[in-house]
Student: 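The structure is given below, and queries will be raised subsequently.
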Amino acid sequence: MNLTQLTVFREVMETGSISQTARKLNRTQPAISLALKNLEKSLGLTLFERKGRRLVPVPEAHYLLAETTGILDRLSTISNTMEGLIKGHSGSLNIATMPGPSAFLFPRFISQSVGENPEIRITLSTRSSPQIMELAGTQNIDFGFADFEYSVGREPQYSAELIRADCFCAVDRESPLASCTSLTISDLDGVPMGGLHATHPFQKKIRREFQDACADYNPTVTCQYFLPLIPFVSSGQCCSIVDPLTVATEHEMNLSNGKVAFVPFKEPLRYEYALLEPDHRPPSQLALKIKAGWKAEVFKMLEGVKANPRARNIAEAEGKQS
């Protein structure tokens, strides 16, 4: 017996008619009759007695119907599940992202992408960039979003897709620096600065920039990531060189109540993000869909920050309302 024969059998059991079954399955009556005949032949059992134009099932046919219904319903479920997996409408996803975007931007994107779909299970972890690199290297996540760091030592077991964008200097809107159209590192000579921990690759880059400009770097506030620096900036305690996604987050959340201005640099200071994907964990269709969507969302936000005059001075638009 085969699935075509079982499908025909179930329809005949429901309709009691060869002609109705043929119409419902969009087949010819001879094809339906042949399928039924072959099923009976394979079973060595006559399943129906002919009463005029109707087919009356024998008792054994009712048992076969129960088994057939279970088989066909299970196959339908498998088919629907696989269709959902192929289209990225179902499945599970394990993602890790660095603290800044995980505060708002990334969860918002994930929730909007998934919607109210109950067939998708999400595990979203907030980790440092080195931890995300480790998770990707040990094949324990579908993908990660982190600061880019060059791997030292053994060959990494993940691939990294880079996204580069320009940094901004976050300053108190009452500061004279807020009125500048652009800044140089020399403009920050001796200015109290908020930044990341000294071991962070970007912080090392900042120190090199100050050294190259023969400027004094004066760290007064140190945080694990950029967003916690915003309150210190808005209170006038320091300035901070921040990545553009921090600017995008502040535009969305307005943590400073319009008290922070973001000024670009005359000589662009680049920040590097990385989409990390394990080498030995083939991505699901869902993972491919979400990763591509997040990449597009990041580029959209970066373009918005670059093009929006509020990126230079958020206080101009919002500070007047306070």
Side-chain angles (χ1 to χ4, degrees), residues 1-95 109-124 139-143 159 161 275 277-297:
M1 70 181 78
N2 56 45
L3 293 178
T4 298
Q5 294 168 356
L6 293 178
T7 301
V8 167
F9 166 71
R10 184 170 68 172
E11 293 301 330
V12 171
M13 286 290 289
E14 292 180 356
T15 64
S17 167
I18 294 291
S19 60
Q20 291 185 44
T21 297
R23 285 194 296 271
K24 191 170 182 180
L25 297 180
N26 196 28
R27 305 279 295 277
T28 65
Q29 291 188 38
I32 297 298
S33 297
L34 180 61
L36 200 58
K37 181 179 179 181
N38 288 338
L39 176 61
E40 291 178 323
K41 182 178 179 181
S42 66
L43 293 172
L45 174 69
T46 299
L47 295 170
F48 299 93
E49 292 184 358
R50 276 66 176 174
K51 302 290 185 181
R53 293 184 177 181
R54 292 195 59 80
L55 300 177
V56 179
V58 301
E60 292 81 2
H62 292 284
Y63 171 79
L64 180 60
L65 176 63
E67 296 295 324
T68 296
T69 299
I71 292 171
L72 295 180
D73 287 350
R74 179 59 180 155
L75 285 173
S76 178
T77 299
I78 293 173
S79 178
N80 291 334
T81 298
M82 291 306 299
E83 182 180 3
L85 290 171
I86 292 170
K87 294 182 177 179
H89 295 162
S90 62
S92 61
L93 198 61
N94 189 349
I95 319 169
F109 165 76
I110 293 294
S111 65
Q112 291 175 345
S113 299
V114 172
E116 298 180 358
N117 192 337
E119 302 301 321
I120 295 179
R121 299 287 184 269
I122 300 291
T123 299
L124 176 57
Q139 321 299 300
N140 283 319
I141 54 175
D142 290 298
F143 73 88
S159 60
E161 185 176 0
L275 282 163
E277 186 174 293
D279 282 344
H280 309 297
R281 177 172 172 158
S284 65
Q285 295 300 309
L286 176 62
L288 290 172
K289 176 182 175 182
I290 296 298
K291 179 186 172 186
W294 173 242
K295 178 182 176 182
E297 181 72 7

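Numbers here are sequence positions counted from 1.
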Student: Is it the case that over 12 heavy atoms from other parts of the model lie below 6.0 angstrom from the CZ atom of R50?
Tutor: yes
Student: Can you list the residues that meet the salt bridge (charged side-chain N to carboxylate O under 4.0 Å, His left out) rule with E14, with sequence neighbours excluded?
Tutor: K24
Student: Pairs of donor and acceptor atoms involving the side chains of residues 64-71, under 3.5 Å and at least two apart or interchain, shall be tabulated with distances.
Tutor:
unit_1	atom_1	unit_2	atom_2	d
T68	OG1	L64	O	2.8
T69	OG1	L65	O	2.9

Student: Can you sort out the partners of K41 under side chain to side chain donor-acceptor pair (under 3.5 Å), two or more places apart, ordered by chain and number?
Tutor: none
Student: So do H62 and M13 actually touch side chain to side chain, heavy atoms under 4.5 Å?
Tutor: yes
Student: Pairing donors with acceptors under 3.5 angstrom, does anything connect the side chains of S17 and S19?
Tutor: yes
Student: Sequence neighbours excluded and cut-off under 3.5 Å, please list the side-chain donor-acceptor pairs for residues 25-32, or say none.
Tutor:
unit_1	atom_1	unit_2	atom_2	d
T28	OG1	A31	N	3.2

Student: Could you pull out all residues at least two apart from L45 that satisfy side-chain contact (heavy atoms from CB on, under 4.5 Å)?
Tutor: L43, L47, E60
Student: Output all residues satisfying side chain to side chain donor-acceptor pair (under 3.5 Å) with N140, sequence neighbours left out; order by chain, then residue number.
Tutor: T138
Student: List the residues meeting side-chain contact (heavy atoms from CB on, under 4.5 Å) with A296, not counting sequence neighbours, and say none if there are none.
Tutor: none
Student: Go through the structure and list residues passing side chain to side chain donor-acceptor pair (under 3.5 Å) with T123, not counting sequence neighbours.
Tutor: none
Student: Output all residues satisfying side-chain contact (heavy atoms from CB on, under 4.5 Å) with P283, sequence neighbours left out; order by chain, then residue number.
Tutor: E277, A287, L288
Student: Who passes salt bridge (charged side-chain N to carboxylate O under 4.0 Å, His left out) against D73, sequence neighbours left out?
Tutor: R10
Student: Would you please name every residue forming a side chain to side chain donor-acceptor pair (under 3.5 Å) with T46, sequence neighbours left out?
Tutor: none
Student: Just jot down the side-chain contact (heavy atoms from CB on, under 4.5 Å) partners of K37, sequence neighbours excluded, or say none.
Tutor: none
